[in-house]
2 protein chains.
Amino acid sequence: MSKKNALQTVPCESCPLRKLDTLREFDEDELAFVKTFKHGELTIGPGAPIVMEESNSPHLYTVLQGLAFRYKTLPDGRRQILNYAMPGDLVGLQSSVFDAMNHGVEALTDMLLCVFPRDRLWSLYTKRPSLAFDVTWLAAREEQLLDEHLLTVGRRTALERVAFVIWHLYRRGRSVGLVTANKIVLPLTQQHLADTLGLSLVHTNKTLKKLRATGCIAWADRVLEIRDQDKLLEIAQMEDTEEARRPFI
Amino acid sequence: MSKKNALQTVPCESCPLRKLDTLREFDEDELAFVKTFKHGELTIGPGAPIVMEESNSPHLYTVLQGLAFRYKTLPDGRRQILNYAMPGDLVGLQSSVFDAMNHGVEALTDMLLCVFPRDRLWSLYTKRPSLAFDVTWLAAREEQLLDEHLLTVGRRTALERVAFVIWHLYRRGRSVGLVTANKIVLPLTQQHLADTLGLSLVHTNKTLKKLRATGCIAWADRVLEIRDQDKLLEIAQMEDTEEARRPFI
DNA sequence: CGCGATTTTGAGAGCCGTCAAGATACGTGG
DNA sequence: CCACGTATCTTGACGGCTCTCAAAATCGCG
């Protein structure tokens with residue numbers, strides 16, 4: 001344990017997340033506690049599993065850098081992507097609260113994760129109720145994102161779905177500083193999009209083409225550009241809502 | 001407040017939920033706290049809204065009796081049912097953690113709800129960390145259910161979906177004592193099923209007919225009977241997992 | 001340059017949605 | 001007790017959105 005601490009490259013005081021003004025500040029006590037809570041760091045590359053379906057991870061993570069996705073699969077291999085994890089997001093809470101994961105998480109880019117031991121989550125509840133509340137906040141927000149995603153997959157048309165997921169990723173990326181000049185680097189495959197939206201790869205490709213033809217987006221070489229935000233939102237049947245300031249651990 | 005307390009018909013000591021052996025016990029301190037946390041009761045009938053989309057409820061509820069559903073709608077009226085609330089489930093956590101709801105909840109039967117004031121949730125975190133942990137547990141479980149639901153709507157076929165939702169409701173009902181002789185009263189309309197599964201009403205009806213034809217279920221007069229559990233599970237592409245013991249507030 | 005991964009395009013089938021109408025059930029008022 | 005209206009369920013016809021199959025084009029990389 002202490003060895004791992006010695007390997008930490010990013011002390012909590014200079015955690016890159018603290019620079020994001022969408023994330024709330026810690027007070028001194030909270031910062032001190034988080035430092036003792038932090039157990040190490042994990043660096044992994046694209047395609048690497050962070051947690052596996054059906055396995056039982058002893059860790060809880062906060063994303064410091066990079067992008068990952070959460071997914072479930074059926075016995076015959078059909079895959080559904082549930083959500084994406086971006087900087088500031090908590091990964092693996094389910095395994096800390098239950099005993100198993102029931103979903104997998106896989107990295108899309110090089111990632112830097114902050115590692116917490118799950119068996120000390122309880123001490124966070126007894127010693128730092130404000131942070132415990134933040135954990136609940138994060139869980140409730142994940143639930144909210146899933147609600148919206150379920151509405152999309154269940155009730156939106158293919159074109160609306162593609163527009164939705166693009167806007168969703170853009171908006172979340174924007175809130176953590178990943179957007180410059182209406183552009184964001186999205187290392188997603190069309191297969192990922194398809195698995196996110198409950199569509200086939202072929203149909204996703206054709207629908208994406210149609211969306212490009214409207215001129216409201218451009219997407220090539222892993223770079224997504226939003227050219228007409230209002231039109232995109234109209235197609236997706238949604239409204240632009242600025243993200244509230246949010247906590248992180 | 002004190003007036004409302006006078007109207008309480010069910011003191012916490014004899015809360016009907018405590019009889020369910022799938023729910024965990026309170027210790028004395030927890031019980032004492034919950035008694036002060038409880039603010040009153042709410043009785044409503046079928047079709048009544050418990051919380052409205054886009055509104056901001058000052059309350060948090062625990063279902064004591066009855067069945068409700070959580071949903072979201074698009075501007076043009078398309079509706080997606082997100083989940084069902086059964087005895088022991090917490091309703092309205094999102095509005096306690098954020099400021100708005102973003103989803104509606106509507107009763108399907110006569111319901112009895114235990115009412116908590118949302119502005120006292122914080123005191124639960126500072127005074128009773130074990131209960132705070134339980135709230136997180138419940139939020140994480142809701143997330144788990146949404147994960148499974150999203151996989152279903154995104155990647156299962158119509159027949160698999162119908163089998164899934166039937167099994168899902170049966171299994172959850174079973175864990176709270178609603179099942180007798182493989183039968184459960186389900187006051188759902190086929191429109192509810194359709195909105196749960198992301199299917200049209202007509203196609204849901206035809207798929208349900210096909211499922212009935214396999215002989216593994218019977219459903220008439222709001223009573224669902226499971227006649228061949230193994231076959232149903234096979235059709236739904238899932239496994240029977242017993243629910244773990246769970247907390248409630 | 002060659003190979004695997006990804007993207008694109010076309011063709012045809014089929015699952016599922018929409019439209020429409022009839023049947024059944026249920027509650028209400030006469 | 002019957003008439004009637006509303007909600008729900010059922011069924012058929014038809015269209016189209018989306019899937020699968022298949023192959024070509026493009027890209028990334030050693």
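Heavy-atom basis, side chains included; hydrogens, waters and symmetry copies ignored. Bear in mind that the values here come from a model prediction, so they are computed numbers and not experimental data.
- Side-chain proximity of A:Thr189 to C:dG17, C:dT6, D:dT11: nearest is C:dT6.
- Between the P atom of D:dC19 and the CZ atom of B:Arg156 lies a distance of 17 Å, rounded to the nearest Å.
- Side-chain to base pairing of A:Lys206 with C:dG10: one donor and one acceptor N or O lie within less than 3.5 Å of each other.
- Under the 3.5 Å distance criterion, the side-chain polar atoms of A:Gln80 are matched with a main-chain donor or acceptor of A:Asp195.
- What separates CG of B:Leu193 from C1' of D:dT8 is a distance of 13 Å, to the nearest Å.
- In this view, B:Phe69 and B:Tyr71, B:His192 satisfy the ring-ring contact (aromatic ring centres under 6.0 Å, His included) rule, not counting sequence neighbours.
- The NE2 atom of A:His192 sits 15 Å away from the C1' atom of C:dT7 (whole-angstrom rounding).
- Residue B:Gly47 is out of contact with every strand shown, counting any heavy-atom pair closer than 4.0 Å.
- The listed nucleotides are D:dC19, C:dC19, C:dG17; the one nearest the side chain of B:Val202 is C:dC19.
- Counting to the nearest Å, the P atom of C:dT8 and the CG atom of A:Leu208 are 7 Å from each other.
- D:dC9 atom C1' lies 17 Å from atom CG of B:Leu224, rounded to whole Å.
- Distances were taken from every side-chain heavy atom of A:His203 (C-beta onward) to each of D:dT10, D:dT18, C:dG17; the shortest belongs to D:dT18.
- In terms of position on DNA chain D, the residue among B:Arg222 and A:Asp221 whose nearest nucleotide sits closer to the 5' end is B:Arg222.
- Nucleotides of DNA chain C nearest to A:Lys209 and A:Arg155 differ in position, and the one nearer the 5' end is that of A:Lys209.
- In this structure, CZ of B:Arg79 is placed 18 Å from C1' of C:dG17, rounded to the nearest angstrom.
- Residue B:Leu199 places its side chain closer to C:dG17 than to any other of D:dC9, C:dT7, C:dG17.
- For the pair B:Gln190 and D:dT10, the criterion of a side-chain N or O lying under 4.0 Å from OP1 or OP2 is met.
- Whole-Å rounding puts the A:Asp195 CG to C:dT6 P distance at 12 Å.
- A side-chain N or O of B:Thr241 and one of B:Arg171 form a donor-acceptor pair less than 3.5 Å apart.
- In this structure, A:Lys72 does not pair ionically with A:Glu53, as no charged nitrogen and carboxylate oxygen lie closer than 4.0 Å.
- In this structure, of D:dC19, C:dT7, D:dG28, it is D:dC19 that holds the atom nearest to the side chain of A:Ser200.
- Atom CZ of B:Arg161 and atom C1' of C:dG17 are 12 Å apart (whole Å).
- A sub-4.0 Å separation between OP1 or OP2 of C:dT7 and a side-chain N or O of A:Asn205 is absent.
- Annotation: A:Trp167 is not in aromatic contact with A:Phe164 [ring centroid separation under 6.0 Å not met].
- Counting non-hydrogen atoms under 4.0 angstrom, B:Leu201 reaches nothing in the nucleic acid.
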